[in-house]
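Right, one structure below, let's go through it.
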Amino acid sequence: MRPFIIAGNWKMNTTLSEAEALVREMCRDLEGNTLTHVQMVVCPPFISLHSVHEIIRDTEIALGAQNMNEHDAGAYTGEISAAMLRSAGCEYVIIGHSERRKYFHETDELVNVKIRKAVEHGLRPIVCVGELLEERESGATVEVVSRQVRGAFSGLGADHVRTCIIAYEPVWAIGTGRTATPEQAQEVHEVIRGLVRESAGDEIANQFVIQYGGSMKPENAGDLLNQPDVDGGLIGGASLKADSFLAIVQAAESIGRER
Ligand code: 13P
């Protein structure tokens, strides 16, 4: 069975000391609990990556970044490379989040280049896709998400697709308190798994992790994670409090045990 991956995207929140305190609290709350069905990931801001890694080093929590530059090195003032992320202890990197697509004009083409670079450096990309409200309302959801997924995987060999994770994040559900219903999420996740099957075959599609993101919280996580093609969550707001993040992790763990 696929493991659940529950990742916290802290976005532009927490100073260094706040990030350290938050992750210390998570480690304390986790103590004595062995997670057998869930991989837990935290994605703090760049400046906290190294310190957070020092704290989670011997725990079950893995480290991810929220973005990276597509070049190896050079004159790109203010940017962070894949090798830098690896050197800070990152195993995962979020790519193509809708906030980056919207505010920083990231396109499907750029997302594809970043994915290739991440994979080349041994990072697992968490690739974000999702439709805008008007796209959902006009019935274009499947078309939009399919274009984003195909764009992300363009030119990638099956072995590289295998290392990716896709996070389905309907843009209208992000930070709005409006969650997709479990049925809406399942419908799109099934389409995404079909696209993975198309580009990398059955075996990889069956193992492929597809997260849901968009106002996931302890109250709705169980119903979403219970859907057959929902394999985890990418959590914004609720990942900024140790107790709510851990509650989502525990919900995934108990569903995993029952499967
Ligand atoms: P919220 O959980 O705050 O809606 O954010 C979701 C998200 O964008 C995670 O990447």
Side-chain angles (χ1 to χ4, degrees), residues 4-16 18-23 25-26 29 38-49 52 56 61-68 85 90-104 106 111 114 124-133 136 145 148 165-182 184-185 188-189 192 209-225 227 230-252:
F4 283 111
I5 301 184
I6 304 289
N9 174 9
W10 297 5
K11 306 193 179 183
M12 198 173 74
N13 295 294
T14 68
T15 60
L16 177 56
E18 288 166 349
E20 290 171 340
L22 177 54
V23 82
E25 198 182 338
M26 288 180 188
D29 292 357
V38 182
Q39 174 64 62
M40 197 172 152
V41 183
V42 291
C43 305
F46 288 135
I47 63 130
S48 300
L49 288 172
V52 166
I56 62 177
I61 309 176
L63 189 67
Q66 300 174 19
N67 177 38
M68 53 164 257
L85 296 182
C90 287
E91 294 174 59
Y92 297 81
V93 58
I94 299 171
I95 292 184
H97 191 279
S98 62
E99 288 148 16
R100 297 215 56 90
R101 294 179 191 253
K102 176 175 177 190
Y103 301 122
F104 305 99
E106 294 198 4
V111 167
K114 287 191 178 192
R124 283 194 78 179
I126 300 177
V127 184
C128 300
V129 299
E131 80 286 3
L132 305 171
L133 182 59
R136 173 156 286 269
V145 170
Q148 291 171 333
I165 293 161
I166 288 199
Y168 169 54
E169 300 206 308
V171 179
W172 48 271
I174 296 179
T176 58
R178 242 185 107 174
T179 322
T181 63
Q184 285 172 324
V188 180
H189 281 230
I192 294 172
V209 172
I210 306 171
Q211 298 174 317
Y212 169 81
S215 299
M216 193 187 256
K217 34 186 181 283
E219 302 81 68
N220 58 30
D223 286 342
L224 287 157
L225 295 168
Q227 297 300 309
V230 178
D231 314 312
L234 184 56
I235 328 288
S239 73
L240 292 170
K241 293 233 157 57
D243 57 352
S244 52
F245 191 53
L246 267 292
I248 296 172
V249 169
Q250 294 300 351

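Hydrogens, waters and symmetry mates are skipped; everything else that's a heavy atom, side chains included, is used.
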Within-4.5 Å side-chain heavy-atom neighbours: V42 and L63: yes
Discussion item. Could you walk me through whether L240 and K11 satisfy the side chain to side chain contact (heavy atoms under 4.5 Å, CB included) test, starting with their C-alpha distance in whole Å, then the side-chain angles of each, then the deciding distance to 0.1 Å, before giving a yes or no?
Written reply: CA-CA 10 Å; L240 292 170; K11 306 193 179 183; over 6 Å; no
CG (D29) and CG (L246) are apart, to the nearest 0.5 Å, by 5.0 Å
On a heavy-atom basis, the closest approach of P44 and G64 is CD-O, 3.5 Å
Between S244 and P218 the two heavy atoms that sit nearest each other are O-CG, 3.6 Å
The reported gap from CZ in R100 to NZ in K114 (rounded to nearest 0.5 angstrom) is 5.0 Å
Item checked: Donor-acceptor contact present, side-chain R101 to main-chain C128, <3.5 Å -> yes
Tightest non-hydrogen contact, residues F46 and A65, listed as CE2-CB, 4.1 Å
In this structure, CG of D231 is separated from CD1 of I166 (nearest 0.5 Å) by 11.5 Å
Requested in this report: Report yes if some heavy atom in the side chain of N9 is under 4.5 Å from a heavy atom in the side chain of S239; otherwise report no.
Outcome: no
ask   = Under a 4.5 Å cut-off applied to non-hydrogen side-chain atoms, are M40 and I56 in contact?
value = no
In this structure, CZ of F104 is separated from NE2 of H97 (nearest 0.5 Å) by 11.5 Å
Check your understanding: Given N220 and Y212, is the side chain to side chain contact (heavy atoms under 4.5 Å, CB included) satisfied, shown in steps?
Key -> CA-CA 11 Å; N220 58 30; Y212 169 81; over 6 Å; no
Checking I210, L234, V209 against I165 for side chain to side chain contact (heavy atoms under 4.5 Å, CB included), the one that qualifies is V209
Would a 4.5 Å heavy-atom cut-off, applied to side chains only, mark Q39 and Y92 as touching?
yes
Practice problem: May I have the step-by-step check of side chain to side chain contact (heavy atoms under 4.5 Å, CB included) for V249 and F4, ending in yes or no? | Solution: CA-CA 9 Å; V249 169; F4 283 111; over 6 Å; no
Closest non-hydrogen contact found for Q211 with I5 is NE2-O, 3.0 Å
(Q) Under a 3.5 Å distance rule, please check whether R124 uses its side chain to pair with a backbone N or O of E91 as donor and acceptor. (A) no
When rounded to the nearest 0.5 Å, the distance separating OG1 of T15 from CD of E20 is 8.5 Å
So CG of L49 and CD of Q66: to nearest 0.5 Å the spacing works out to 8.0 Å
Scanning both residues in full, the closest heavy-atom pair of V41 with F245 reads O-CZ, 3.7 Å
Scanning both residues in full, the closest heavy-atom pair of A180 with L224 reads O-CD2, 3.8 Å
* Where do V171 and K102 land on the side chain to side chain contact (heavy atoms under 4.5 Å, CB included) test, with the steps shown first? -> CA-CA 10 Å; V171 179; K102 176 175 177 190; over 6 Å; no
Check your understanding: Has the side chain of Y168 got a donor or acceptor atom that lies under 3.5 Å from a matching backbone atom of P170?
Key -> no
Notebook entry, point to check: Are side-chain heavy atoms of E18 and N13 found at a separation under 4.5 Å?
Noted result: no
